[in-house]
Amino acid sequence: MSKISRSVQSVQERVRAAAERAGRDPASVTLIGVTKTRTPAEVQDAIQAGVVHLGENKVQELATKVEALGHDGLVWHLIGSLQTNKVKTALPLADLIHSLDRDSLLEALAREAERRGVPVRALVQVNVSGEQSKHGIDPADLIPFLRRVSATGWVEIEGLMTMAPADADAQTARPHFRRLRELAQAVGERTIPHVQMRELSMGMSGDFEVAIEEGATFVRVGTALFGARDYT
């Protein structure tokens with residue numbers, strides 16, 4: 001068994017344990033393997049160990065990975081910020097976009113989706129921490145933004161995404177994850193066409209267990225699966 005396969009087993013067990021602590025069905029949590037900078041061979045190891053949801057930060061790297069590994073049996077998530085000029089390339093590749101965070105991107109997605117005749121599946125990224133360096137909709141603007149999304153008729157919202165502060169440990173991140181869950185509950189009390197709150201994408205290698213305890217349905221895990229990235 002490869003090192004990556006052992007890491008996958010360990011993370012899957014941690015996901016299961018965190019879900020059970022929260023009284024949740026472990027099957028309600030999907031592990032996304034974050035493949036940023038990883039080789040196709042490394043990703044293939046993770047796939048063979050059972051990781052079929054894969055996440056990329058950049059459209060060009062997503063295109064390279066999809067070309068190398070295909071789409072059959074895999075679900076590709078675009079989890080990084082999406083530039084409007086990359087929308088046309090991204091849509092045939094990404095099964096779910098996690099980072100819808102502004103009107104210009106909404107307009108570009110809706111326009112390209114209409115041209116293709118295929119609605120876009122997306123999550124709205126919310127800046128629950130309020131950090132200026134973070135992308136995302138301000139929580140106070142979330143409902144008006146979702147109504148604008150709904151009006152396009154071409155973007156299907158499946159939930160929300162957030163990122164905890166970069167310097168936060170797992171317990172410091174907890175209130176941010178809880179806040180996203182509360183926002184999703186508030187949205188769910190309204191009827192907004194093309195908007196569902198099925199998914200909460202939150203938690204990474206250092207805090208995914210706490211995110212699961214707070215309601216995450218997608219956890220985005222890279223380092224804990226593949227090891228530390230080599231930046232040299």
Side-chain angles (χ1 to χ4, degrees), residues 4 8 29-126 134-137 145 149 152-163 194-196 198-205 216-223 225-226 229:
I4 289 172
V8 169
V29 183
T30 297
L31 171 63
I32 299 174
V34 178
T35 59
K36 178 181 178 181
T37 76
R38 307 300 178 176
T39 67
E42 288 176 303
V43 180
Q44 188 62 53
D45 261 4
I47 293 168
Q48 290 175 344
V51 179
V52 297
H53 286 257
L54 303 168
E56 271 296 340
N57 286 64
K58 295 182 178 179
V59 173
Q60 188 52 54
E61 196 165 355
L62 173 63
T64 300
K65 293 288 184 5
V66 171
E67 182 178 5
L69 298 164
H71 229 127
D72 252 10
L74 302 177
V75 181
W76 290 98
H77 300 253
L78 184 62
I79 60 177
S81 182
L82 176 57
Q83 296 174 303
T84 56
N85 64 353
K86 300 289 187 183
V87 163
K88 187 173 182 177
T89 304
L91 290 196
L93 302 170
D95 296 291
L96 183 65
I97 293 169
H98 287 230
S99 51
L100 174 52
D101 63 352
R102 60 198 186 279
D103 284 294
S104 60
L105 179 56
L106 169 61
E107 291 162 8
L109 288 172
R111 186 166 54 247
E112 181 62 16
E114 184 174 14
R115 188 192 70 81
R116 297 177 71 231
V118 181
V120 179
R121 296 171 57 220
L123 308 178
V124 172
Q125 183 170 353
V126 185
K134 286 278 193 300
H135 294 281
I137 296 290
F145 181 72
V149 174
T152 71
W154 284 101
V155 180
E156 299 290 335
I157 298 301
E158 299 191 0
L160 306 177
M161 184 270 259
T162 200
M163 297 180 68
H194 306 289
V195 174
Q196 301 290 326
R198 291 188 293 267
E199 309 291 358
L200 289 178
S201 174
M202 56 190 192
M204 299 189 291
S205 287
T217 64
F218 286 128
V219 290
R220 311 179 303 269
V221 180
T223 301
L225 294 178
F226 297 103
R229 287 194 291 269

Please check if the side chain of [X] supplies one atom and the backbone of [Y] the other of a donor-acceptor pair under 3.5 Å.
X: Thr39; Y: Glu42; value: yes
X: Trp154; Y: Gly117; value: no
X: Lys65; Y: Glu56; value: no
X: Ser205; Y: Val221; value: no
X: Thr162; Y: Met202; value: no

Is the CD atom of Gln44 crowded by more than 12 outside heavy atoms at less than 6.0 Å?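 Atom CD in Gln44 is packed in, count exceeds 12.
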Tell me if the NE2 atom of His194 is crowded by more than 12 foreign heavy atoms within 6.0 Å.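 Above 12, so yes.
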Minimum heavy-atom distance between [X] and [Y], given as atom pair plus value:
X: Thr35; Y: Glu61; value: O-OE2, 3.8 Å
X: Val155; Y: Ala122; value: CG1-CB, 4.3 Å
X: Arg102; Y: Ser81; value: NH1-OG, 4.4 Å
X: Ser99; Y: Leu82; value: OG-N, 3.9 Å

Euclidean distance, [Y] [atom2] relative to [X] [atom1], rounded to 0.5 Å:
X: Gln60; Y: Thr89; atom1: CD; atom2: OG1; value: 8.0 Å
X: Leu62; Y: Leu54; atom1: CG; atom2: CG; value: 9.5 Å
X: Met161; Y: Glu199; atom1: CE; atom2: CD; value: 13.5 Å

Salt bridge between Arg198 and Glu158, side-chain N to carboxylate O under 4.0 Å?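 Between Glu158 and Arg198 there is a salt bridge, with a charged N closer than 4.0 Å to a carboxylate O.
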Have a look at Leu106 and tell me which of Thr84, Leu100, Asp101 forms a side chain to side chain contact (heavy atoms under 4.5 Å, CB included) with it.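 Exactly one option meets the side chain to side chain contact (heavy atoms under 4.5 Å, CB included) with Leu106, and it is Leu100.
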Is it true that the side chains of His71 and Asp95 contain a donor and an acceptor less than 3.5 Å apart?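 Distance-only check passes for His71 and Asp95.
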Answer yes if the side chains of Ser201 and His98 hold a donor-acceptor pair under 3.5 Å, and no otherwise. yes
